[in-house]
*Asks:* 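One structure, pasted below without further comment.
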Amino acid sequence: MCMSLSFLLYKSQGRILSLSWHPSATHIAAGSIDYISVFDVKSGSAVRKMIVDRQYMGVSKRKCIVWGVAFLSDGTVISVDSAGKVQFWDSATGTLVKSHLISNADVQSIAVADQEDSFVVGTAEGTIFHFQLVSVTSNSNEKQWVRTKPFQHHTHDVRAVAHSPTALISGGTDTHLVIRPLMEKVEVKNYDAALRKITFPHRCLISCSKKKQLLLFQFAHHLELWRLGSTVATGKNGDTLPLSKNADHLLHLKTKGPENIICSCISPCGSWIAYSTVSRVFLYRLNYEHDNINLKRVSKMPAFLRSALQIMFSEDSKKFFVASNQGSLHIFQLLEGSFKHLHSFQPQSGTVEAMCLLAVSPDGNWLAASGTSAGVHVYNVKHLKLHCTVPAYNFPVTALAIAPISNNLVIAHSDQQVFEYSIPEKQYTEWSRNIQKQGFHHLWLQRDTPITHISFHPKRPMHILLHDAYMFCIIDKSLPLPNDKTLLYNPLPPTNESDVFRRRTAHAFKISKIYKPLLFMDLLDERTLVAVERPLDDIIAQLPPPIKKKKFGT
């Protein structure tokens, strides 16, 4: 059951830049320029107004911007501002209790732990500071806030922070999402105990038309369609060949309005493009005339198709599948310039879980869908019914794909586990059971970026191709699995029949790290692989310069 709450507070004298609810939902703290207001929710009026100090390093600034506030259960309001201060206020009396000058630049964000015994703030210098509520003395019940740990994992402004039970999370202008574990809160030294710096989204932003050698790139407010270049030159393994024909930028499709693009896809035949914003789904028909493209939008999309989290086309480009943000899965038949709604799978009884990952079998008979939790459902497209549900797993799915011929579903999870599930037999395959029994190599499990794409070689059914942002891997199911004593990365293949050592150390995982950061990789045909990199230097070059810090001795 969903409820909406709306009310009107009396108009503030200035801009409100930050808000925080009291846990009891009776009051709201609002940060503005030069002051903080406390509103009574029931009456809508401001009951307190606290003036912040404009002093910065002994000099009065023109104005002080309150970038963030946090309202605690005991009535304390914590504020962070452009003067580099973290301040504690008594909301009942409107008085300043304590002030910490922590930065020569703005303090821009704040997040408090659920237990209200710890909080984290982020600054424009790229530093995050950790505050904890500690006892004044060992035998005293009196506690005070103490700054305990500064961390420098960013180069630019830290615009957002979060506080989980076991980690401090920060993100900002430098595009990095940093997860810093609180070691005193981590019980076991496992994946949760590792510092993780995430640069790219954990979902694929590129789709491919293999038949026409096209790539569709998804940006926040537009799509770009490119035709891949080609070469007639030859060479040996590892050679970089000159292009005989450069890549062509065919299309720049811009959205209308401020809404971001959530998902997009191009059909395998290259004749359809679909994308979704937070409120609408768009479908376009493409006609190619030499080097020109005629783009026609398909009108009158169904009213029930408001927004999608994932869109996919069938291998023959005759159907497209839409996972809505309401948990429904819709199947449409594509006609010449139009479409026909065939069926909708509704959410399982008692759930409203949205499906955010889809996989369609090459023969078009099976559709696998994964939600925000760990569940994976498999549907029979021909008979339009639920076929089976893969046994639940504790970690979310990051990628899934259905192999040709065998119709085995390969599933990658956020803890780096990979499963293979037989759709016809409704059970895990023998290979999957063996790898779970032996366990993955410890270096494989220690990787800190999830697998985002899985594919298969059409002529090599024993091969599984997958990648994350920093490696590309071919798993050969015909070879033995590596153990922890084996070299995981780049084992050398045997050069001849008598090469006993290399043959003994050869195993199923063939890993390449020459492409990074890797946004997308897939087979175009039996002999051609396309890889899309996004060098970090290119991203950094587009950022504003970081705030210069004065170093000791300079």
Side-chain angles (χ1 to χ4, degrees), residues 190-191 194 237-238 359 376 390-391 393-395 397-516 518 521-523 526-527 529 531:
N190 55 13
Y191 182 72
N237 287 342
V376 178
V390 179
Y393 188 66
N394 293 332
F395 291 84
V397 176
T398 63
L400 69 166
I402 302 175
I405 304 174
S406 68
N407 282 321
N408 288 338
L409 173 63
V410 179
I411 308 168
H413 292 268
S414 62
D415 64 342
Q416 310 301 348
Q417 296 288 338
V418 178
F419 297 88
E420 185 182 50
Y421 187 84
S422 171
I423 293 177
E425 297 179 7
K426 300 183 181 181
Q427 63 180 3
Y428 289 114
T429 65
E430 185 68 24
W431 178 84
S432 187
R433 287 195 292 268
N434 288 338
I435 202 169
Q436 290 304 312
K437 183 178 179 180
Q438 176 178 322
F440 283 87
H441 196 286
H442 70 281
L443 292 178
W444 176 271
L445 298 176
Q446 288 173 8
R447 292 169 24 254
D448 61 358
T449 56
I451 294 167
T452 55
H453 189 260
I454 301 172
S455 59
F456 307 93
H457 195 289
K459 298 295 184 181
R460 298 173 184 173
M462 299 302 288
H463 286 190
I464 301 173
L465 288 68
L466 40 81
H467 76 82
D468 63 18
Y470 296 100
M471 70 92 201
F472 168 64
C473 177
I474 299 175
I475 300 178
D476 187 343
K477 296 187 294 180
S478 66
L479 293 177
L481 301 171
N483 57 46
D484 283 349
K485 296 181 181 179
T486 307
L487 180 68
L488 177 66
Y489 295 110
N490 301 322
L492 298 173
T495 55
N496 53 58
E497 291 295 328
S498 62
D499 196 339
V500 178
F501 173 76
R502 292 189 180 185
R503 189 168 297 280
R504 186 184 303 157
T505 57
H507 58 71
F509 286 67
K510 303 297 183 288
I511 298 173
S512 171
K513 289 191 171 186
I514 63 174
Y515 307 105
K516 55 185 177 183
L518 187 59
M521 180 173 275
D522 201 2
L523 281 171
E526 297 176 20
R527 302 179 59 186
L529 191 73

*Asks:* Just to verify, what does R433 make a side-chain hydrogen bond (donor to acceptor under 3.5 Å, both in side chains) with, not counting sequence neighbours?
*Replies:* E430
*Asks:* Looking only at heavy atoms, which two atoms of A506 and P480 are closest? And how far apart?
*Replies:* O-CG, 3.9 Å
*Asks:* How many angstroms lie between CD1 in I423 and CD1 in I402, if you round to the nearest 0.5 Å?
*Replies:* 4.0 Å
*Asks:* Do Q436 and Q417 pass the side chain to side chain donor-acceptor pair (under 3.5 Å) test, and can you show the C-alpha distance, the side-chain angles, and the key distance before you say yes or no?
*Replies:* CA-CA 9 Å; Q436 290 304 312; Q417 296 288 338; 3.2 Å; yes
*Asks:* Report the C-alpha distance between T429 and N408 in whole Å, list the side-chain angles of each, state the deciding distance to 0.1 Å, and finish with yes or no for side chain to side chain donor-acceptor pair (under 3.5 Å).
*Replies:* CA-CA 8 Å; T429 65; N408 288 338; 5.5 Å; no
*Asks:* Of the non-hydrogen atoms in M462 and S478, which two are nearest, and what is the gap between them?
*Replies:* CE-N, 3.7 Å
*Asks:* If you look at every heavy atom in V397 and A399, which pair is closest and at what distance?
*Replies:* CG1-O, 3.5 Å
*Asks:* Quick one: do the S422 and Q427 side chains pair a donor with an acceptor below 3.5 Å?
*Replies:* no
*Asks:* Do the non-hydrogen side-chain atoms of L481 and F440 ever get within less than 4.5 Å of each other?
*Replies:* no
*Asks:* Would you indicate whether the side-chain heavy atoms of L409 and L400 approach each other to under 4.5 Å?
*Replies:* yes
*Asks:* Could you list the residues that satisfy side-chain contact (heavy atoms from CB on, under 4.5 Å) with P461, not counting sequence neighbours?
*Replies:* none
*Asks:* Minimum heavy-atom separation for P482 and H441, please, with both atom names.
*Replies:* CB-CD2, 4.2 Å
*Asks:* What orientation do F509 and H507 show, parallel under 30°, tilted 30 to 60°, or perpendicular over 60°?
*Replies:* tilted
*Asks:* Could E420 and K477 be called an ion pair, given the rule that one side-chain N must be under 4.0 Å from one carboxylate O?
*Replies:* yes
*Asks:* Mind checking the CG-CG spacing from D484 to L443? Nearest 0.5 Å is all I need.
*Replies:* 7.5 Å
*Asks:* Which residues pass the side-chain contact (heavy atoms from CB on, under 4.5 Å) test with P404, not counting sequence neighbours?
*Replies:* P362, F456
*Asks:* Output all residues satisfying ring-ring contact (aromatic ring centres under 6.0 Å, His included) with Y428, sequence neighbours left out; order by chain, then residue number.
*Replies:* F419, Y421
*Asks:* Less than 4.5 Å apart, any side-chain heavy atom of Y515 and any of L529?
*Replies:* no
*Asks:* Restricting to non-hydrogen atoms, name the atom on A401 and the atom on A359 that form the minimum distance, rounded to 0.1 Å.
*Replies:* CA-CB, 3.9 Å
*Asks:* Listed by chain and number, what are the side-chain contact (heavy atoms from CB on, under 4.5 Å) partners of K485, not counting sequence neighbours?
*Replies:* N483
*Asks:* Considering only distance and modelled atom types, tabulate donor-acceptor pairs under 3.5 Å from the side chains of residues 467-474, sequence neighbours left out.
*Replies:*
{"unit_1": "H467", "atom_1": "NE2", "unit_2": "M521", "atom_2": "N", "d": "3.3"}
{"unit_1": "D468", "atom_1": "OD1", "unit_2": "Y470", "atom_2": "N", "d": "2.8"}
{"unit_1": "D468", "atom_1": "OD1", "unit_2": "M471", "atom_2": "N", "d": "2.8"}
{"unit_1": "D468", "atom_1": "OD2", "unit_2": "R447", "atom_2": "NE", "d": "3.1"}
{"unit_1": "D468", "atom_1": "OD2", "unit_2": "R447", "atom_2": "NH2", "d": "3.2"}
{"unit_1": "D468", "atom_1": "OD2", "unit_2": "T449", "atom_2": "OG1", "d": "3.1"}

*Asks:* Taking the side chain as every heavy atom from C-beta outward, state whether H453 and L466 have any atom pair closer than 4.5 Å.
*Replies:* no
*Asks:* Are any non-hydrogen side-chain atoms of T452 and T398 less than 4.5 angstrom apart?
*Replies:* no
*Asks:* Just wondering, do I451 and V418 contact through their side chains at under 4.5 Å, heavy atoms?
*Replies:* yes
*Asks:* To the nearest 0.5 Å, what is the distance between OG (S455) and CG (L523)?
*Replies:* 5.5 Å
